[in-house]
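One structure is given here, and the rest of the page talks about it.
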Amino acid sequence: MTKFPDFEGLAMFAKVAEERSFARAAKTLGVSVATVSRAVSRLEKRLGARLFNRTSRQLALTDFGLRLVDSASRLYAEAEAAENAARELSSRPRGLIRLAVPMAFGTRWLAPILPDFFEIYPDISIDLHMSDATVDLVGDGFDAALRIAVLRDSSLVARRLTPVARFILAAPSYLERYGTPAHPRELTAHHCLGYAYRPQRDVWRLRNKAGEEETVEPTGPLRATNSQALIPMALRGLGIVELPEFMAHEHLADGRLKTILSDWTLPSGALYFVTPSARTRPAKVEVLSDFMVARLSNPPWRWLG
């Protein structure tokens, strides 16, 4: 059986011949002089002939070396070109990204900016999974996700895009009819609208500046797996709702909803771009991450009222 060709020996021989020096060849290749010398000696032994005449001051190809050097140099150049082409291909943003995002956020804020992304990166396609259920990125085969949460420690790599405040809200008509709660404990006597996809059970955790904490389990006429479905009820004056600012801001701006319990705050969360790993993240995911930072780090929904 024919032995596998000694590509390393041929490549190092070609580089020594080009540089006319073992030391310069070693420096170019990023290896030790001893490594280059051993590779060339191994090749000479394998071929049964000397490739260089060596003296203390001069290094010259033998007749045998002169016959082999062109073929070895072409082999080295072709291998280098193939590796460079493969590296360029792997670093070029292209291919399919499986992306998971919350339903309401994806519809209202992500979908409108995606055309800009595709115009910049026409070789990338996105399989967009929109659901308020938290997906298993690794187990379900997703490349990335947008998550709005108080993110806990995990094996995932998270890039924080922007803080996301949350508010307890009610329509003026509701407050006129039922009164304005002055303390979180009073919410138990009100019609509160519930959200089913919280990380734990559906509770509102509030804290005031004095460090007091209250936990309220909302009860009322409607509970949904998507907060967007609760907004018409709140606007009609049929319940109190807890919403993130990216859903609440336009209703706060036009006065159709008002914040209540303003001396109390909900846990501050943030919008994150999450991936399974940073070390193996391909270029297509990296450019999507950068795009999200550029477009969502200073979002139009920021409520300053």
Side-chain angles (χ1 to χ4, degrees), residues 83-164 166 195-202 224-231 243-247 267-302:
E83 189 175 271
N84 289 338
R87 187 179 295 111
E88 180 184 355
L89 184 63
S90 68
S91 63
R92 186 184 309 160
R94 64 186 305 161
L96 174 67
I97 299 173
R98 296 195 69 228
L99 176 66
V101 301
M103 176 68 76
F105 185 86
T107 302
R108 177 64 181 86
W109 296 108
L110 178 63
I113 65 174
L114 283 180
D116 294 339
F117 178 78
F118 291 124
E119 284 190 345
I120 300 170
Y121 301 105
D123 294 330
I124 295 177
S125 58
I126 293 177
D127 184 352
L128 186 61
H129 175 87
M130 293 196 295
S131 171
D132 285 0
T134 301
V135 300
D136 179 355
L137 262 66
V138 176
D140 295 333
F142 285 95
D143 298 294
L146 287 177
R147 287 191 176 164
I148 300 159
V150 180
L151 206 63
R152 293 171 174 79
D153 292 338
S154 74
S155 60
L156 302 177
V157 177
R159 189 172 186 180
R160 189 174 185 269
L161 303 180
T162 187
V164 177
R166 306 186 76 88
Y195 174 60
Y197 275 148
R198 296 190 190 280
Q200 300 174 358
R201 63 193 180 97
D202 184 20
T225 58
N226 188 303
S227 294
Q228 195 72 40
L230 306 176
I231 294 178
L243 293 175
E245 61 180 319
F246 66 84
M247 296 177 68
S268 296
L271 173 65
Y272 294 92
F273 185 82
V274 182
T275 56
S277 172
R279 284 181 292 180
T280 59
R281 191 156 61 190
K284 60 183 180 181
V285 176
E286 195 66 43
V287 296
L288 179 61
S289 175
D290 292 341
F291 178 81
M292 297 294 185
V293 170
R295 298 300 296 269
L296 298 176
S297 290
N298 187 26
W301 66 74
R302 180 73 66 243

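Treat the numbers as computed from the prediction; the structure is a model and nothing was measured.
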Residue pair V287, I124: steps toward the side-chain contact (heavy atoms from CB on, under 4.5 Å) verdict: CA-CA 10 Å; V287 296; I124 295 177; 3.7 Å; yes
CZ on R166 to OG on S227, rounded to 0.5 Å: 6.5 Å
Intermediate values then yes/no, side-chain contact (heavy atoms from CB on, under 4.5 Å), I126 and F118: CA-CA 9 Å; I126 293 177; F118 291 124; 3.9 Å; yes
Chi angles and distances behind the side-chain contact (heavy atoms from CB on, under 4.5 Å) call for L271, L146: CA-CA 7 Å; L271 173 65; L146 287 177; 4.2 Å; yes
L230 versus A224, closest heavy-atom pair with distance: CD2-CB, 3.9 Å
Stepwise salt bridge (Lys or Arg N to Asp or Glu O under 4.0 Å) check, R159 with D290: CA-CA 10 Å; R159 189 172 186 180; D290 292 341; 2.8 Å; yes
Nearest-0.5 Å distance, CZ of residue F246 to CH2 of residue W109: 9.5 Å
K284 and D123: CA distance, side-chain angles, deciding distance, salt bridge (Lys or Arg N to Asp or Glu O under 4.0 Å) verdict: CA-CA 9 Å; K284 60 183 180 181; D123 294 330; over 6 Å; no
For the student: nearest non-hydrogen atoms of P276 and L137, plus distance: CD-CD2, 4.0 Å
Value rounded to 0.5 Å, distance of CD1 in I148 from CZ in F105: 5.5 Å
Spacing of E245 atom CD and T162 atom OG1 [to the nearest 0.5 Å]: 7.0 Å
Between Y195 and D132: side-chain donor-acceptor atoms closer than 3.5 Å: yes
Expected output: side-chain D140 to main-chain F142 donor-acceptor under 3.5 Å: no
N/O donor-acceptor pair under 3.5 Å between T107 side chain and M103 backbone: yes
Where F273 and M292 come nearest, the two heavy atoms and their spacing: CD1-CG, 3.9 Å
Heavy-atom closest pair, residues P115 and P112: CD-O, 3.5 Å
Derivation of the side-chain contact (heavy atoms from CB on, under 4.5 Å) call for D127 and I97: CA-CA 6 Å; D127 184 352; I97 299 173; over 6 Å; no
From Q228 atom CD to L243 atom CG, the distance as rounded to the nearest 0.5 Å: 8.5 Å
Atom pair CG (D143) and OG1 (T275), whose distance is rounded to the nearest 0.5 Å: 9.5 Å
